[in-house]
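First up is the structure itself, then whatever we jot down about it.
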Amino acid sequence: MATRKDAPFILLLEEDGMRSYAEALWGKWVPSFNPESLLLEGHEMIEWGGELVGCVACEWQADHLRIKKLYVSPQYRRRGIGACVLVIKLRQAECRGLTLRLTVLSTNNDARRFYEREGMSVVDRTEERITLQF
């Protein structure tokens, strides 16, 4: 579980992973929270080789597990870390007989391609967001 001391790191990950896509979509970046107001329920920190390298935030729904965030630090990307976390979350959902679902911004083609490469399918699309599911 993430703790309050993890909040600044989580927000840095969020900005690094989302800023350019938010600016492309809405013309600006507005941080969603500050370290004191970030709601940490469902957040888990990702460690690799003893270092904090990312975070994942999930929420159980009646019919699926929703990944709300999956961020990996830039220097640790393309090492399979995100894919490993995705498999773990998929297995957790399957143990409950549920699907795994998430959304990406429509401008974030990198994330969409990553999730499709991992086997997820687009199940809904709006002007702002693309929903993918296992």
Side-chain angles (χ1 to χ4, degrees):
M1 269 318 199
T3 65
R4 186 61 45 204
K5 71 176 180 61
D6 297 316
F9 181 60
I10 293 169
L11 294 174
L12 284 174
L13 290 168
E14 182 176 68
E15 182 170 3
D16 179 73
M18 298 295 294
R19 183 180 194 122
S20 64
Y21 303 111
E23 288 174 343
L25 186 59
W26 297 302
K28 63 181 177 178
W29 165 253
V30 179
S32 55
F33 294 97
N34 62 52
E36 295 77 33
S37 66
L38 179 64
L39 303 174
L40 294 171
E41 184 177 344
H43 283 72
E44 298 173 64
M45 303 309 295
I46 301 168
E47 288 189 35
W48 185 266
E51 285 190 56
L52 284 180
V53 301
C55 78
V56 60
C58 296
E59 181 177 80
W60 291 99
Q61 302 288 321
D63 64 342
H64 68 280
L65 174 60
R66 176 168 299 279
I67 293 180
K68 296 172 70 174
K69 299 176 184 173
L70 176 52
Y71 303 133
V72 176
S73 295
Q75 64 269 32
Y76 290 95
R77 291 182 189 150
R78 303 195 194 308
R79 296 184 188 194
I81 298 168
C84 286
V85 172
L86 196 58
V87 168
I88 290 167
K89 294 302 170 186
L90 175 60
R91 297 299 175 250
Q92 290 174 347
E94 288 176 338
C95 283
R96 293 191 186 186
L98 302 176
T99 60
L100 182 68
R101 198 175 298 166
L102 56 83
T103 60
V104 298
L105 294 181
S106 60
T107 52
N108 193 342
N109 290 319
D110 295 329
R112 181 189 48 78
R113 282 192 297 267
F114 164 73
Y115 292 120
E116 288 179 331
R117 216 175 28 252
E118 295 303 316
M120 297 186 84
S121 300
V122 172
V123 294
D124 191 32
R125 186 184 304 258
T126 67
E127 189 174 316
E128 292 185 348
R129 299 184 190 277
I130 299 169
T131 303
L132 295 106
Q133 177 176 297
F134 271 115

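- Considering only heavy atoms from C-beta on, Lys68 comes within 4.5 Å of Arg66 through its side chain.
- Nearest heavy atoms, Phe114 versus Gly82: CZ-C, 3.7 Å.
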Output a table of donor-acceptor pairs, distance under 3.5 Å, between side-chain atoms of residues 85-95 and any protein atom two or more places apart or on a different chain; print 'none' if there are none.
unit_1: Lys89; atom_1: NZ; unit_2: Glu44; atom_2: OE2; d: 2.5
unit_1: Lys89; atom_1: NZ; unit_2: Gln92; atom_2: OE1; d: 3.0
unit_1: Arg91; atom_1: NH1; unit_2: Glu94; atom_2: OE1; d: 3.0

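- Counting heavy atoms from C-beta on, the side chains of Arg4 and Leu40 come closer than 4.5 Å.
- Across all non-hydrogen atoms, the minimal contact from Gly42 to Met1 is N-CE, 3.9 Å.
- How far CD of Glu118 is from CZ of Arg113: 14.0 Å, rounded to the nearest 0.5 Å.
- At a threshold of 4.5 Å between side-chain heavy atoms, the hydrophobic network of Ile, Leu, Val, Met, Phe, Trp and Tyr places Ile130 and Tyr71 in two separate groups.
- With rounding to the nearest 0.5 Å, the separation of NZ in Lys69 from CD1 in Ile10 is 6.5 Å.
- You'll find the side chain of Asp63 reaches within 4.5 Å of the side chain of Arg101, heavy atoms only.
- Every residue was checked against the side chain to side chain donor-acceptor pair (under 3.5 Å) condition with Asn108, not counting sequence neighbours, and none meets it.
- Once rounded to the nearest 0.5 Å, the distance linking CG of Leu70 with OH of Tyr115 reads 4.0 Å.
- Here Asp110 does not pair with Arg77 in a salt bridge; the nearest charged N to carboxylate O distance is not below 4.0 Å.
- No side-chain heavy atom of Cys55 sits less than 4.5 Å from a side-chain heavy atom of Asp6.
- Rounding to the nearest 0.5 Å places OG1 of Thr107 at 9.5 Å from CZ of Arg129.
- Of all non-hydrogen atoms in Ala7 and Pro35, the two that sit nearest each other are CB-O, 3.5 Å.
- Among residues two or more places apart in sequence or in another chain, the side chain to side chain donor-acceptor pair (under 3.5 Å) test is passed with Asn34 by Ser37.
- A single hydrophobic cluster is seen to contain both Ile67 and Tyr76, as judged by linkage of ILVMFWY side chains at heavy-atom distances under 4.5 Å, directly or through other members.
- There is a path of hydrophobic side-chain contacts, each under 4.5 Å, that joins Leu11 to Met45.
- More than 12 heavy-atom neighbours from other residues, nucleotides or ligands sit within 6.0 angstrom of CD on Gln75.
- Here the side chain of Thr131 pairs no donor or acceptor atom with the backbone of Val123 at under 3.5 angstrom.
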For this session: Begin with the C-alpha distance, continue with both residues' side-chain angles, and end with the deciding distance and a verdict on side chain to side chain contact (heavy atoms under 4.5 Å, CB included) for Glu14 and Phe33.
Result: CA-CA 10 Å; Glu14 182 176 68; Phe33 294 97; 5.5 Å; no
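- Clustering ILVMFWY residues whenever any of their side-chain heavy atoms sit less than 4.5 angstrom apart, transitively, puts Leu25 in a cluster other than the one holding Leu102.
- Leu100 and Ile46 fall within the same hydrophobic cluster, where Ile, Leu, Val, Met, Phe, Trp and Tyr residues are linked whenever their side-chain heavy atoms come under 4.5 Å apart, directly or through other members.
- Panel note: side chain Ser73, backbone Gly54; no donor-acceptor pair is recorded below 3.5 Å.
- Proximity of Arg96 to Trp60: side-chain heavy atoms (C-beta onward) are separated by under 4.5 Å at one or more points.
- Remark: Glu128 pairs with Trp26 by the side chain to side chain donor-acceptor pair (under 3.5 Å) rule, at least two apart or across chains.
- Among pairs with a residue in residues 24-33, none fulfils salt bridge (charged side-chain N to carboxylate O under 4.0 Å, His left out), at least two apart in sequence or across chains.
- Rounded to the nearest 0.5 Å, atoms CD (Gln133) and OG1 (Thr99) are 4.0 Å apart.
- For the atom pair CD (Glu59) and CG (Leu65), the distance works out to 9.0 Å, reported to the nearest 0.5 Å.
- The shortest non-hydrogen separation linking Leu105 to Met18 is CD1-CE, 3.6 Å.
- Qualifying side chain to side chain donor-acceptor pair (under 3.5 Å) partners for Arg79, counting only residues two or more places apart in sequence or in other chains: none.
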